[in-house]
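Note sheet for the following structure.
Everything numeric in this text was worked out from a predicted model, so none of it was measured. Worth knowing before you read on, the calculation uses all heavy atoms, side chains too, and leaves out hydrogens, waters and symmetry mates.
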Amino acid sequence: MIDLRRLQVLRAVERCGTVTAAARSLHLTPSAVSQQVRQLGKELGVTLLEPQGRRVRLSAAARSLLAHADAIEERWRRAEAELHDVGADGPSGTLRLAGFPTAVCTLLSPAAVRLRTEAPRLTVRLREADPLESFDLIFAGEADVAVVEATRDAPPLTDTRFDQRALLDDPFDLVVSTDHELGAEPEASLPDLAAETWILGMPGSPCREHVLTACSRAGFTPEVTHQAQDWSLVGALVGDGHGIALVPRSVRLPGQEGIVRVRLAEAPPARRFLTLTARGAREHPAVRAALTVLDDLAGANAATE
């Protein structure tokens with residue numbers, strides 16, 4: 001009989017690459033992780049960890065077991081969802097939501113407000129986490145639903161450990177100072193901005209990549225004068241006349257005087273938001289309630305654009 005908790009530890013070793021990294025993600029000691037995996041192997045009558053120099057590696061038996069582990073985990077989550085399907089009484093317990101700051105402000109926090117009314121027996125907990133951290137939280141069972149941005153560094157949509165589905169496309173707008181010549185225009189064309197000075201996100205950030213790709217398609221490489229990761233700082237730099245920027249439409253720039261949003265005439269670049277759960281977890285009543293609200297909010301957001 002397989003202990004699912006020990007199987008999860010084995011899955012963590014595979015995902016993280018080493019016993020030490022798996023222990024860190026599971027908030028255990030490396031010796032505890034090794035002991036859990038060895039105990040699982042003892043129950044199954046096979047060796048799951050074997051020495052490799054001063055370290056250990058997963059054995060062929062472990063690889064074989066892991067080929068079935070995701071399916072086992074998914075089947076258990078589906079069974080758990082059926083057991084908790086309480087019908088008319090509505091979901092109860094604790095629901096843990098995670099996402100990056102814009103997702104929390106635009107979607108997750110409003111979702112938590114709605115769920116207080118629509119599912120009063122449910123306690124909602126919010127947690128800020130960048131997209132890659134959200135995958136770790138879902139995998140470790142420390143979050144139930146996350147909203148992430150689709151990036152090249154994230155696990156692919158085909159990863160059997162996760163269920164990722166499109167939620168919202170978030171287009172970028174041009175942001176200029178109020179005294180900029182485009183500040184009074186209803187729209188601007190990206191190719192006409194080639195001579196401008198630009199404020200971009202930090203190297204490696206997904207939003208920076210979106211902007212650079214859009215500018216490249218428009219036929220130019222932007223002259224980057226300043227770099228900032230925080231959107232409030234980007235707004236302040238634009239307002240002070242240091243350059244122009246492309247900012248996602250969902251990003252709030254509260255209290256930023258001296259700036260104007262201008263729509264792009266052509267199809268703007270856009271980032272994609274995804275809902276993220278563990279595979280097989282979407283039918284759990286609490287998770288299902290959250291996803292329904294998130295879909296409603298995403299639809300309302302799209303309708304106002």
Side-chain angles (χ1 to χ4, degrees), residues 73-74 76-150 154 162-171 173 230-232 235 247-256 261 270-305:
E73 185 76 15
E74 178 183 357
W76 167 248
R77 291 187 186 278
R78 292 186 184 279
E80 186 179 29
E82 290 182 11
L83 291 171
H84 287 84
D85 199 346
V86 291
D89 291 336
S92 62
T94 299
L95 177 71
R96 299 157 301 174
L97 307 178
F100 57 102
T102 302
V104 173
C105 292
T106 305
L107 296 165
L108 293 174
S109 179
V113 172
R114 283 229 345 225
L115 288 169
R116 280 205 302 262
T117 301
E118 298 178 9
R121 300 169 66 232
L122 192 62
T123 300
V124 180
R125 298 283 182 259
L126 296 172
R127 176 170 179 171
E128 180 187 342
D130 65 44
L132 292 182
E133 183 185 2
S134 290
F135 280 93
D136 292 338
L137 293 173
I138 292 291
F139 179 82
E142 296 181 19
D144 303 301
V145 178
V147 174
V148 300
E149 180 183 351
F162 305 106
D163 193 331
Q164 306 176 62
R165 303 190 191 183
L167 177 65
L168 176 70
D169 284 339
D170 186 21
D173 294 323
D230 181 82
W231 290 117
S232 296
V247 177
R249 195 166 295 167
S250 67
V251 170
R252 301 173 183 174
L253 296 173
Q256 296 288 354
R261 285 181 181 263
R271 56 180 181 174
R272 171 157 290 187
F273 290 7
L274 307 172
T275 55
L276 170 67
T277 66
R279 184 79 65 171
R282 283 185 174 255
E283 291 309 309
H284 189 287
V287 172
R288 189 169 63 232
L291 293 173
T292 298
V293 171
L294 286 171
D295 283 338
D296 287 347
L297 291 170
N301 188 295
T304 60
E305 292 181 356

Go through the steps to decide whether Glu283 and Arg288 satisfy the test salt bridge (charged side-chain N to carboxylate O under 4.0 Å, His left out), and finish with yes or no. CA-CA 6 Å; Glu283 291 309 309; Arg288 189 169 63 232; 3.5 Å; yes
Please determine whether side-chain contact (heavy atoms from CB on, under 4.5 Å) holds for the pair Thr102 and Leu107, giving the CA-CA distance in whole Å, both sets of side-chain angles, and the decisive distance to 0.1 Å. CA-CA 8 Å; Thr102 302; Leu107 296 165; over 6 Å; no
For Arg261 and Leu253: C-alpha separation, side-chain torsions, deciding distance, then whether side-chain contact (heavy atoms from CB on, under 4.5 Å) applies. CA-CA 10 Å; Arg261 285 181 181 263; Leu253 296 173; 4.0 Å; yes
side-chain contact (heavy atoms from CB on, under 4.5 Å) for Asp296 and Arg114? Distances and angles first, verdict last. CA-CA 11 Å; Asp296 287 347; Arg114 283 229 345 225; 3.1 Å; yes
Assess whether side-chain contact (heavy atoms from CB on, under 4.5 Å) is satisfied between Val247 and Asp173, documenting all intermediate values. CA-CA 5 Å; Val247 177; Asp173 294 323; 5.9 Å; no
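Legend: residues meeting ring pair (Phe, Tyr, Trp, His ring centres under 6.0 Å) with Phe100, ordered by chain and number and at least two apart, are Phe273. A search for side chain to side chain contact (heavy atoms under 4.5 Å, CB included) contacts involving Arg272 returns Ala150, Ala166, Asp169, Leu274, not counting sequence neighbours.
Taking the side chain as every heavy atom from C-beta outward, Val145 and Leu294 approach each other to under 4.5 Å. Counting heavy atoms from C-beta on, the side chains of Ser92 and Leu122 never come closer than 4.5 Å. Contact of the Glu73 side chain with the Phe139 side chain is not registered, since no non-hydrogen atoms from C-beta on lie closer than 4.5 Å.
Counting all heavy atoms, side chain and backbone alike, Thr94 lies closest to Asp144 at O-OD2, 3.9 Å. A pairwise comparison of heavy atoms in Ala146 and Ser134 identifies CB-CB, 3.8 Å as the closest pair. Here the closest non-hydrogen pair linking Val147 and Ala103 is CG1-CB, 3.7 Å. Closest non-hydrogen pair, Ala98 versus Leu108, comes out as O-CD1, 3.3 Å. Looking at every heavy atom in both residues, Pro91 comes nearest to Arg121 through O-CB, 3.5 Å. Taking every heavy atom of both residues into account, Leu276 and Arg282 meet most closely at N-NH2, 4.2 Å.
Between the side chains of Ser250 and Asp170, at least one donor N or O lies within less than 3.5 Å of an accepting N or O.
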List the atom pairs, donor and acceptor, that lie under 3.5 Å between side-chain atoms in residues 123-133 and the rest of the protein, sequence neighbours left out.
unit_1 : atom_1 : unit_2 : atom_2 : d
Asp130 : OD1    : Leu132 : N      : 3.2
Asp130 : OD1    : Glu133 : N      : 2.8

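To the nearest 0.5 Å, atoms CG (Leu168) and OG1 (Thr275) are separated by 11.0 Å.
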